[in-house]
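As structure tokens, the structure follows; a few thoughts come after it.
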Amino acid sequence: MRKGFLTFAAVGLLATGSMAACGDNGGSSDEAGGSNAKKPKIGVILPDSKSSARWEGADRKYLEAAFKAAGVDYTIQNAQGDKSAFSTIADGMLTSGVTALMIVNLDSGTGKAVLEKAKSQGVATIDYDRLTLGGSAQYYVSFDNEAVGKLQGEGLSKCLTDKGAQKPKIAYLNGSQTDNNATLFKNGYDSILKPKFDAGEYTKGPDQNVPDWDNAQAGVIFEQMLTQEKGKIDGVLAANDGLGNAAISVLKKNQLNGKVPVTGQDATVQGLQNILAGDQCMTVYKAVKQEADAAAELAIALAKGERKDTGQTVKDPEGNRDVPAVLLEPKAIYKDNVKDVVADGYVTKEELCTGAFAKLCTDAGVS
């Protein structure tokens, strides 16, 4: 996985100027490229700020820093979970003359329509973090999402073993059904946990998707699960830290927090604090700066009419095509290596180690 990233970073341009003259949106002409060459401009559409703190807290700042360092024009907007707004933002970006468009789709249908419109106008496209099934993005930049799920499954299994759980009943809080990543995460953790269900080592409990990764809905869903199972849930495979925290809030009301291992993903401040407190078993750290930097490097090249060889592809099963891709490597985080996320600069000690968490940080070696 990391090899693919290094290949991407090292490979030179395979084709130059192949996109610069495409499109008919107007916009500024580039003097160096002649009157037909459009000035490079990048548009980025983020999905929301509710499902995960990463989009506004990490992705935006890293992408902005990369674009500013390269001296390219850019616009970054957030659809805030609204499919109509997503399409309207895209239309505005295309009208403004972007030469490369990067999207994090809200669902494949909306994303596909936006990508097709961009393609028809000669605008280069990148699927960022989420693959648009049946779409036409020229590149895909993300993490190995099945590997993310495998780390979650392995993490939950480790924490259950550490607690000496016997035939534990496992509940799944999956991500949104409209997000292909949620499917990949589930493929990953199913590959670890299903053999244990089949062997009778674990018992399969409730298994439900959370619409739009909505944390409030996740709390309601998990409360219903716990009631349905008469309080007998021994482990929770939560697909990200927000869903995990929703489950933990319900467990707290039932004096079960810390007794029932809960997974997560994204290494948010809240998720890491839950780990330090012993309420969350683990999370998966995805070095968003690496993802943003790789995507920005690719977008900058595309905006200038250049192409890159990533050295990797992913299969779009709906579109039946291999999409050139950059896939980065995720990392499992437990209490004993929370410090690695701080050392990497993804979160700061100041925001993590507040109040009662100060001592917990010290005990965990966070400096």
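Everything numeric here is computed off the predicted structure, so don't read it as measured data.
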Point to revise | Point-to-point distance, once rounded to the nearest 0.5 Å, from OG of S51 to CG of D214 | key: 9.5 Å
Point to revise | Distance (rounded to the nearest 0.5 Å) between K150 NZ and D144 CG | key: 7.5 Å
Point to revise | K304/E306 under side-chain contact (heavy atoms from CB on, under 4.5 Å): CA gap, chis, key distance, verdict | key: CA-CA 6 Å; K304 295 177 178 178; E306 302 164 353; 4.1 Å; yes
Review point. Under 3.5 Å, is there a donor-acceptor pair linking the side chains of N240 and W213?
Key: no
Practice item. For E351, check salt bridge (charged side-chain N to carboxylate O under 4.0 Å, His left out) against everything at least two apart and list the hits. Key: none
Check your understanding: Can you check whether I300 reaches P40 side chain to side chain, under 4.5 Å on heavy atoms?
Key -> no
**Study point:** Nearest heavy atoms of I333 and V341, plus distance in Å
**Key:** CD1-CG2, 3.7 Å
Point to revise | Same apolar cluster: V342 and V284, side chain cutoff 4.5 Å | key: no
Check your understanding: Quick one: salt bridge (charged side-chain N to carboxylate O under 4.0 Å, His left out) partners of D198, sequence neighbours excluded?
Key -> K194
Check your understanding: For the hydrophobic clusters of this structure (ILVMFWY residues joined by side-chain heavy atoms under 4.5 Å, transitively), does one cluster hold both F197 and V236?
Key -> yes
**Study point:** Closest heavy-atom pair and its distance - A137, R321
**Key:** O-NH2, 2.7 Å
Exercise for review: Quick one: pull up CG in N105 and CG in N180 and give me the separation to the nearest 0.5 Å.
Suggested key: 8.5 Å
Exercise for review: Might you work through the side-chain hydrogen bond (donor to acceptor under 3.5 Å, both in side chains) test for D322 and T313, ending with a clear yes or no?
Suggested key: CA-CA 6 Å; D322 294 319; T313 61; 4.5 Å; no
Point to revise | Whether N145 side chain and F185 backbone form a donor-acceptor pair below 3.5 Å | key: no
Practice item. Quick one: closest heavy-atom pair of V114 and S87, and the distance? Key: CG2-CA, 4.3 Å
**Study point:** Sidechain-backbone polar pair: T99 side chain, K41 backbone, donor-acceptor under 3.5 Å
**Key:** yes
Review point. Would you say the side chain of V141 lies within less than 4.5 Å of the side chain of E291, judging by non-hydrogen atoms?
Key: yes
Exercise for review: Say whether, by atom type as modelled, one donor and one acceptor occur between the side chain of S96 and the main chain of M93 under 3.5 angstrom.
Suggested key: yes
Check your understanding: Please walk me through it: do Y285 and D344 pass side-chain hydrogen bond (donor to acceptor under 3.5 Å, both in side chains)?
Key -> CA-CA 10 Å; Y285 172 46; D344 208 34; 2.4 Å; yes
Review point. What distance separates N337 CG from M282 CE, expressed to the nearest 0.5 Å?
Key: 9.0 Å
Check your understanding: Taking the side chain from R60 and the backbone from I76, do they hold a donor-acceptor pair closer than 3.5 Å?
Key -> yes
Practice item. Scan for disulfide (SG to SG under 2.5 Å) pairs involving residues 260-311, sequence neighbours excluded, and state none if there are none. Key: C159-C281
**Study point:** Check: Q270 and D241 side chains under 4.5 Å, non-hydrogen atoms
**Key:** no
Review point. Side chains of S191 and E146: closer than 4.5 Å at any heavy-atom pair?
Key: no
Check your understanding: Between Y172 and K204, is there a cation-pi geometry (under 6.0 Å to ring centre, at most 45° from the normal)?
Key -> yes
Exercise for review: Establish, from distance only, whether the side-chain atoms of N245 and N274 form a donor-acceptor pair under 3.5 Å.
Suggested key: yes
Check your understanding: Nearest heavy-atom pair of G258 and K163: which atoms, and what distance?
Key -> O-NZ, 2.8 Å
Point to revise | D316/Y140 under side-chain hydrogen bond (donor to acceptor under 3.5 Å, both in side chains): CA gap, chis, key distance, verdict | key: CA-CA 10 Å; D316 173 2; Y140 171 54; over 6 Å; no
Point to revise | Sidechain-backbone polar pair: Q177 side chain, P211 backbone, donor-acceptor under 3.5 Å | key: no
Check your understanding: Is there side-chain contact between M102 and L302, with heavy atoms separated by less than 4.5 Å?
Key -> no
Review point. Do L256 and L226 come within less than 4.5 Å of each other through their side chains, counting heavy atoms only?
Key: yes
Review point. For atom NZ of K315, is the number of surrounding heavy atoms from other residues, nucleotides or ligands below 6.0 Å larger than 12?
Key: yes
Check your understanding: With distance as the sole test, does N254 use its side chain to make a donor-acceptor pair with the main-chain N or O of E223 at under 3.5 Å?
Key -> no
Check your understanding: So do the side chains of D279 and K252 get within less than 4.5 Å of each other, counting heavy atoms only?
Key -> yes
Check your understanding: Taking a hydrophobic cluster as the set of Ile, Leu, Val, Met, Phe, Trp and Tyr residues connected by side-chain heavy atoms closer than 4.5 Å, whether directly or through intermediates, do L160 and I275 fall within one such cluster?
Key -> no
**Study point:** Minimum heavy-atom distance Q312-V326, with the two atoms named
**Key:** OE1-CA, 3.7 Å
Review point. For residues 97-124, which residue pairs qualify under salt bridge (charged side-chain N to carboxylate O under 4.0 Å, His left out), counting only residues two or more places apart or in two chains?
Key: K83-D107, D91-K117
Exercise for review: State, with a plain yes or no, whether a side-chain heavy atom of D129 is found less than 4.5 Å away from one of D59.
Suggested key: no
Exercise for review: Dump the intermediate steps for side-chain contact (heavy atoms from CB on, under 4.5 Å) on Y128 and V44, then the final yes or no.
Suggested key: CA-CA 9 Å; Y128 181 59; V44 179; 5.6 Å; no
Exercise for review: Calculate, to the nearest 0.5 Å, the distance between atoms CD1 and CD1 belonging to I42 and I126 respectively.
Suggested key: 7.5 Å
Point to revise | Under 3.5 Å donor-acceptor, Q280 side chain and L272 backbone | key: no
Check your understanding: Rounded to the nearest 0.5 Å, how far apart are NZ of K259 and CG of D234?
Key -> 12.5 Å
Revision key, fill the gap. Residue pairs meeting ring pair (Phe, Tyr, Trp, His ring centres under 6.0 Å), one or both in residues 54-92, sequence neighbours left out, come to F67-Y74
Exercise for review: Answer yes if L106 and L243 sit in the same cluster of Ile, Leu, Val, Met, Phe, Trp and Tyr residues linked by side chain heavy atoms under 4.5 Å apart, and no otherwise.
Suggested key: no
Review point. Can you tell me if K339 uses its side chain to pair, donor with acceptor, with the backbone of D336 under 3.5 Å?
Key: yes
Practice item. Could you tell me whether a side-chain N or O of D127 sits under 3.5 Å from a main-chain N or O of T132, the two making a donor and an acceptor? Key: yes
**Study point:** K169 and E229 ion-paired at < 4.0 Å
**Key:** yes
Review point. Going by atom types alone, do Q217 and D212 pair a side-chain donor with an acceptor below 3.5 Å?
Key: no
Practice item. Would you check, one step at a time, whether the test side-chain contact (heavy atoms from CB on, under 4.5 Å) holds for Q77 with I45? Key: CA-CA 5 Å; Q77 297 185 50; I45 310 178; 5.7 Å; no
Review point. Is the NZ or CZ atom of K308 both under 6.0 Å from the centre of the six-membered ring of Y139 and within 45° of that ring's axis?
Key: no
**Study point:** Full working for side-chain hydrogen bond (donor to acceptor under 3.5 Å, both in side chains) between N174 and D207
**Key:** CA-CA 7 Å; N174 309 303; D207 178 351; 2.6 Å; yes
Review point. Can you name the residues that form a salt bridge (charged side-chain N to carboxylate O under 4.0 Å, His left out) with K349, not counting sequence neighbours?
Key: none
Exercise for review: Compare every heavy atom of S157 with every heavy atom of Y202, then report the nearest pair and how far apart it is.
Suggested key: OH-OG, 3.0 Å
Practice item. Show your working on side-chain contact (heavy atoms from CB on, under 4.5 Å) between L184 and N181 and close with a plain yes or no. Key: CA-CA 5 Å; L184 297 175; N181 280 4; 4.3 Å; yes
